[in-house]
Amino acid sequence: MSTFDTIPSTKKDALVEMLLRLADDRLILGHRLSEWAGHGPELEEDLALANAALDMIGHASSLYGYAAELEGKADEDHYAYFRDDIDFKNIAMMEPPRGDFAYTIARLFLFSVYSYLLYRELTEHVDDEQFRGMLNKHFKEIQYHFRHSREWVLRLGDGTEESHRRMQDAFDELWMYTGEMFEMDGAADAAVQHNLFTDVSSLKKEWLKLVGETLDEATITMPGDEQYMYSGARSGQHTEHLGRLLAEMQFLRRSYPDAEWK
């Protein structure tokens, strides 16, 4: 399916589209998390964020690999290194710079709750054995990301006056990006009809409940949906940050496409 097609015409196209959406979310967030390597607030957390980044990029690699197999590409690197920003299908929340530690934890928490609910549904209903096998394998690590980021939200939100303020600021800044996680479009509808995806709009009620319970316990005020909500990244309308991120991430591979380890 080309960049500008919006509705997959075959079951294979619908599956490739969903694989790329899941993979792009994880590649971009994994890249942002990897920027913490060597900069974590404590050694244990430095390693935890590096491991979460590796998990995300590893999940993206296996999802890209299956998409490459279906589309007859040489390998998964095509999707990571040789597409332009308009071709990426991740939600916009993955794109802003890493920010401070509270911003990183808030973003990881909001996305991990969503991923937990999404993968729980997909592992029950996806009608593709290879895809479902990947989801089951990744689900264990997603549950760890959920628990780990939740613990930090509680620790920072109910911590010092400064950590509370930074945590509140992070959720206030990120909230406008959360609506995209629950948007349905023609491609998602087609995937649902082929039993390859789930109606993500149905996940929002439980997501709000889980997020709200944690923020209450952390003494953080949950932002409301009445504010401006970003939309359109799944179809290529990205923030200014994605192009800069890709320029850094893709530079070496695009400059030396035939380079090999000697």
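For clarity, every value in this text was computed on a predicted model and none was experimentally measured.
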Using 30° and 60° as the class boundaries, would you call the ring planes of F171 and F109 parallel, tilted or perpendicular?
perpendicular

Determine whether the aromatic ring centres of residues Y114 and F182 are separated by less than 6.0 angstrom.
yes

Is it true that atom OH of Y228 has more than 12 heavy atoms of other residues, nucleotides or ligands lying nearer than 6.0 Å?
yes

Do S62 and H138 have side-chain atoms, one donor and one acceptor, less than 3.5 Å apart?
yes

For R147, give me all partners under salt bridge (charged side-chain N to carboxylate O under 4.0 Å, His left out), at least two apart in sequence or on another chain.
none

Less than 4.5 Å apart, side chain to side chain, heavy atoms only: is that true for Y79 and E71?
yes

Compare all side-chain heavy atoms of F82 with those of P257 and state whether any distance is below 4.5 angstrom.
yes

For D24, is there an ion pair with R83 - N to carboxylate O distance below 4.0 angstrom?
yes

Is the shortest distance from a Lys or Arg side-chain nitrogen in K89 or E17 to a carboxylate oxygen in the other one below 4.0 Å?
yes

Check ion pair D25-R107 (N to O, under 4.0 angstrom):
no

Lys/Arg-Asp/Glu bridge criterion (N-O < 4.0 Å) met for D258, R253:
no

Once you measure the plane-to-plane angle for F101 and W152, does it fall in the parallel (<30°), tilted (30-60°) or perpendicular (>60°) bin?
perpendicular

Would you check if Q227 and P223 make a side-chain contact, meaning some heavy-atom pair closer than 4.5 Å?
yes

Side-chain contact, heavy-atom cut-off 4.5 Å: M167 with I105?
yes

Salt-bridged, R166 to E162, with N to O below 4.0 Å?
yes

